[in-house]
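Note that the numbering runs from 1 along the sequence shown for the chain.
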Amino acid sequence: MANTSALLSELIDKDDLKAFIEKHQSDFINITPAEYLNTLAKKYEISMAEISRAANLGDYIYKIFRGERNPSRDVLICICLAINTSLDELQLLLRLAQFYTLDVKNERDAVILHGLQNNKSLLEINAMLYELKLELLIAERDCSRPSPKSKKDV
């Protein structure tokens with residue numbers, strides 16, 4: 001699998017877009033957020049019940065993991081904190097769900113990044129956010145965004 005910079009350089013230099021796409025089919029990310037969440041839960045050997053408790057999501061978690069609900073950016077961050085994913089895994093999940101990735105130049109995101117990198121719990125990160133008078137990471141259970149589809153669904 002080629003890295004993003006190498007792919008971008010090749011894309012810019014390539015005259016034949018179709019040939020580029022055919023050559024790099026295996027490099028494209030064709031997975032839904034729900035599919036990726038299930039992969040992460042399996043990788044970290046954590047049950048949905050454990051994730052639900054740690055992220056304070058109740059039964060909503062099952063709908064997210066089945067792809068029936070489209071969680072907010074905050075909910076996805078809460079889920080990743082509950083799973084204890086890496087920063088790269090969280091950032092990929094946010095991109096798959098078509099959200100902005102965490103940005104150290106955003107004050108609230110910087111607090112979340114600090115907490116993530118220092119293995120802080122959701123409760124501890126919310127305490128830091130509260131202390132700085134920033135919006136807490138609250139799991140919203142209502143979302144009307146359409147679910148991103150993988151290529152195999154098309």
Problem - Nearest heavy-atom neighbours spanning Cys80 and Leu90 - result: SG-CD1, 3.6 Å
Problem - Crowding at OH, Tyr130 (>12 non-hydrogen neighbours, <6.0 Å) - result: no
Exercise for the section: Check whether Leu87 and Leu40 end up in the same hydrophobic cluster, where Ile, Leu, Val, Met, Phe, Trp and Tyr are linked by side-chain heavy atoms less than 4.5 Å apart. Expected result: yes
Problem - Verify same cluster id: Ile112, Val104 (apolar side-chain graph, 4.5 Å) - result: yes
Completion exercise
Distance col, row Leu57:CG vs Lys63:NZ, nearest 0.5 angstrom, shows 12.5 Å
Exercise for the section: Kindly indicate whether the side chain of Asp74, heavy atoms from C-beta on, has any atom under 4.5 Å from the side chain of Arg108. Expected result: yes
Exercise for the section: Please check if the side chain of Asn126 supplies one atom and the backbone of Leu137 the other of a donor-acceptor pair under 3.5 Å. Expected result: yes
Problem - Linked, directly or transitively: Leu136 and Val111 (ILVMFWY side chains, under 4.5 Å) - result: yes
Practice task
Any chance you could measure Asp13, atom CG, to Leu8, atom CG, to the nearest 0.5 Å?
Solution key: 9.5 Å
Problem - Heavy-atom check, side chain of Thr85 versus side chain of Gln91, under 4.5 Å - result: no
Handout entry: Polar side-chain atom of Asp103 near backbone of Lys105 as donor-acceptor pair, under 3.5 Å
Key = yes
Exercise for the section: Drop me the distance from His114's NE2 to Glu124's CD, to the nearest 0.5 angstrom. Expected result: 10.0 Å
Completion exercise
When rounded to the nearest 0.5 Å, the distance separating CG of Leu134 from CG of Leu129 is 5.5 Å
Handout entry: CG (Leu11) with more than 12 external heavy atoms under 6.0 Å
Key = yes
Handout entry: Exercise: identify the closest heavy-atom pair between Arg66 and Ala34
Key = C-CB, 4.4 Å
Problem - Check: Glu50/Tyr44 side-chain N/O donor and acceptor closer than 3.5 Å - result: no
Problem - Over all atoms of both residues, closest heavy-atom pair of Ala82 and Ala54 - result: CB-CB, 3.5 Å
Handout entry: From Leu93 atom CG to Leu37 atom CG, the distance as rounded to the nearest 0.5 Å
Key = 5.0 Å
Handout entry: Tyr100 versus Arg73, closest heavy-atom pair with distance
Key = O-NE, 2.9 Å
Handout entry: Beyond-backbone contact of Ser121 with Leu81, side-chain heavy atoms, under 4.5 angstrom
Key = no
Practice task
Might you confirm whether atom CD of Glu45 has over 12 heavy atoms from other residues, nucleotides or ligands at distances under 6.0 Å?
Solution key: no
Exercise for the section: Compare all side-chain heavy atoms of Ile77 with those of Leu116 and state whether any distance is below 4.5 angstrom. Expected result: no
Fill in the blank from the handout: To the nearest 0.5 Å, atom CD1 of Ile83 lies from atom SG of Cys78 at 11.5 Å
Handout entry: Asp16/Lys23 salt bridge by N-O under 4.0 Å criterion
Key = no
Exercise for the section: Find out if a path of hydrophobic residues (ILVMFWY) with successive side-chain heavy-atom gaps under 4.5 Å connects Tyr62 to Ile46. Expected result: yes
Problem - Leu76 with Leu123, same ILVMFWY side-chain cluster at under 4.5 Å - result: no
Exercise for the section: State, yes or no, whether a side-chain contact exists between Ile51 and Phe65 at a heavy-atom distance under 4.5 Å. Expected result: yes
Exercise for the section: Mark yes or no for whether Ser9, through its side chain, and Ser5, through its backbone, hold a donor-acceptor pair below 3.5 Å. Expected result: yes
